[in-house]
Amino acid sequence: MVEQKRRILVANWKMNYGPLNSGRIAAEFKAALNHLKRTDVWVAPGAESLSVVSNALKGSDILVGSQNIGWVEKGAFTGELSVSSARECGATFAIVGHSERRHLCGESNELVGLKAAFSLSQRLVTVFCVGETLAERSANSTSLVLKRQLSVLTSEHRHLWSEYLIVAYEPVWAIGTGKVASPADITGAVRVIQEVLSNGPAVKLIYGGSVTGANLSEILCVDGVCGALVGGASLSLQTFEPLVRCAESLT
Ligand code: PGA
C-alpha cells in the first residue's frame with residue numbers, strides 16, 4: 001500500500017487571544033478539524049493559553065505548541081518560557097526564531113541557535129523559522145541569509161533532526177503583508193535549505209507568509225514543502241478551515 005502523504009498546518013495565533021478566546025476557538029477547531037485523513041493541525045496560542053487550549057483539544061489529534069521557548073532549563077530569565085513549563089501545559093512543539101522574535105524582539109541568530117539547540121536536546125519538536133527581509137531579498141542575499149540562519153543548527157543534534165526538527169521558510173516581506181512568495185521563490189529557498197542540511201537526515205520543510213485558502217495548494221505543490229505556518233488566516237475556524245480542506249484534497 002502506498003503511504004498517504006501528510007501535510008502539517010501550524011496555526012500561529014501570535015499575541016491575539018487570551019485564554020477565553022483561545023479555548024473557544026480551540027473547541028471549534030476540535031469539533032470541525034479532528035480525525036483528518038492527510039493533514040496534521042498544530043496550534044500555537046499565547047503562553048498563557050497553552051493549558052486551556054490543550055484541555056480544549058483533549059481527545060483530538062490536534063497538537064499544541066508554544067510560540068517561543070527558553071534556552072536553558074530554569075532560572076532567572078524573566079518573561080521566558082521553559083521547555084518543562086511548556087510541556088506541563090501540554091505543548092509538544094515550539095516555534096523558534098520566528099521573524100517577529102528576531103526583528104521585533106531583537107533575538108540574535110546566536111540566541112535563536114541556543115533556543116533551537118536546547119529545544120532539540122529536550123526532544124521538543126522545534127519549528128525553526130528562517131527567512132530574508134525585503135532589503136536582503138533586493139540585495140540578492142536570500143541564500144546568504146538562509147545559510148547564516150541555518151548555520152546555528154549544529155551537528156551535535158543532527159541525529160534528532162528527522163524526528164524533531166521542522167524548518168519553516170518564512171520570508172519576512174511575506175508575513176502579514178498579503179504578498180505570498182511565488183512557487184519559484186519557495187523552490188529556490190527550499191534548495192538552499194536542503195543543501196545546507198544535506199549532511200544530516202531529511203528534514204521536513206514548511207512555508208509561512210500570507211498563506212490563505214486561495215494560495216495554499218500552489219504552495220503545497222512545491223517540491224519539498226510539506227506544510228504551512230499560518231498567522232492571519234489561522235485566527236478563526238472560518239478562515240482556517242478552507243486551508244485544511246485544501247490540504248485534505250491534495251494527494
Ligand atoms: P501570516 O503570518 O500568515 O499572517 O503572514 C505567518 C507567520 O508569521 O507565521
Side-chain angles (χ1 to χ4, degrees), residues 7-17 21-22 25-26 29 33 39-47 49-50 53 62-69 81 91 93-107 112 115-116 119 125-134 136-137 142 145-146 149-150 165-183 185-186 189-190 193 204-220 222 225-247:
R7 264 74 177 220
I8 304 166
L9 294 179
V10 186
N12 177 6
W13 290 348
K14 305 192 181 183
M15 201 177 72
N16 285 295
Y17 299 132
N21 281 322
S22 298
I25 298 167
F29 274 31
L33 308 176
T39 316
D40 295 318
V41 172
W42 298 8
V43 178
S49 305
L50 282 168
V53 169
I62 301 176
L63 300 184
V64 184
S66 67
Q67 300 172 11
N68 182 25
I69 206 72
L81 174 69
F93 72 91
I95 299 172
V96 170
H98 188 279
S99 84
E100 286 145 20
R101 300 295 316 167
R102 291 177 188 265
H103 298 288
L104 302 178
C105 305
E107 286 192 9
V112 170
K115 290 186 169 193
S119 176
V125 172
T126 305
V127 180
F128 183 82
C129 302
V130 294
E132 80 287 1
T133 62
L134 188 58
E136 289 162 341
R137 172 181 160 85
T142 300
V145 170
L146 297 180
Q149 292 173 333
L150 292 163
L165 178 66
I166 294 180
V167 175
Y169 171 55
E170 293 212 302
V172 181
W173 50 270
I175 297 177
T177 58
K179 290 188 197 126
V180 66
S182 69
D185 285 331
I186 302 172
V190 164
I193 295 165
K204 291 194 182 91
L205 285 175
I206 62 176
Y207 166 83
S210 296
V211 175
T212 65
N215 57 34
L216 181 65
S217 81
E218 63 176 27
I219 291 164
L220 293 182
V222 173
V225 173
C226 71
L229 180 48
V230 189
S234 76
L235 292 176
S236 70
L237 178 64
Q238 199 192 2
T239 52
F240 193 62
E241 193 168 10
L243 278 76
V244 176
R245 299 297 157 218
C246 167

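Note that ligands are numbered from 1 as they come in the structure, with each ligand's atoms numbered from 1 the same way. The figures here come from the full heavy-atom set of this structure, side chains too, leaving out hydrogens, waters and symmetry mates.
Residues passing the side chain to side chain contact (heavy atoms under 4.5 Å, CB included) test with Ala189 are Leu146, Tyr169, sequence neighbours excluded.
Thr239 contributes a side-chain N or O that, together with a main-chain N or O of Ala233, makes up a donor-acceptor pair within less than 3.5 Å. Looking at Gln149, its side chain does come within 3.5 Å of a backbone N or O of Gly131 through a donor-acceptor pair.
Ring orientation note: the planes of Trp42 and Phe93 are tilted relative to one another, at an angle of 30° to 60°.
For the 3.5 Å distance criterion, the side chains of His98 and Glu170 qualify, holding a donor opposite an acceptor.
Atoms CZ and CG, on Phe128 and Leu150 in that order, are 6.0 Å from each other to the nearest 0.5 Å.
A heavy-atom cutoff of 4.0 Å around ligand 1 is satisfied by the protein residues Asn12, Lys14, His98, Glu170, Ala174, Ile175, Gly176, Gly209, Ser210, Leu229, Val230, Gly231, Gly232.
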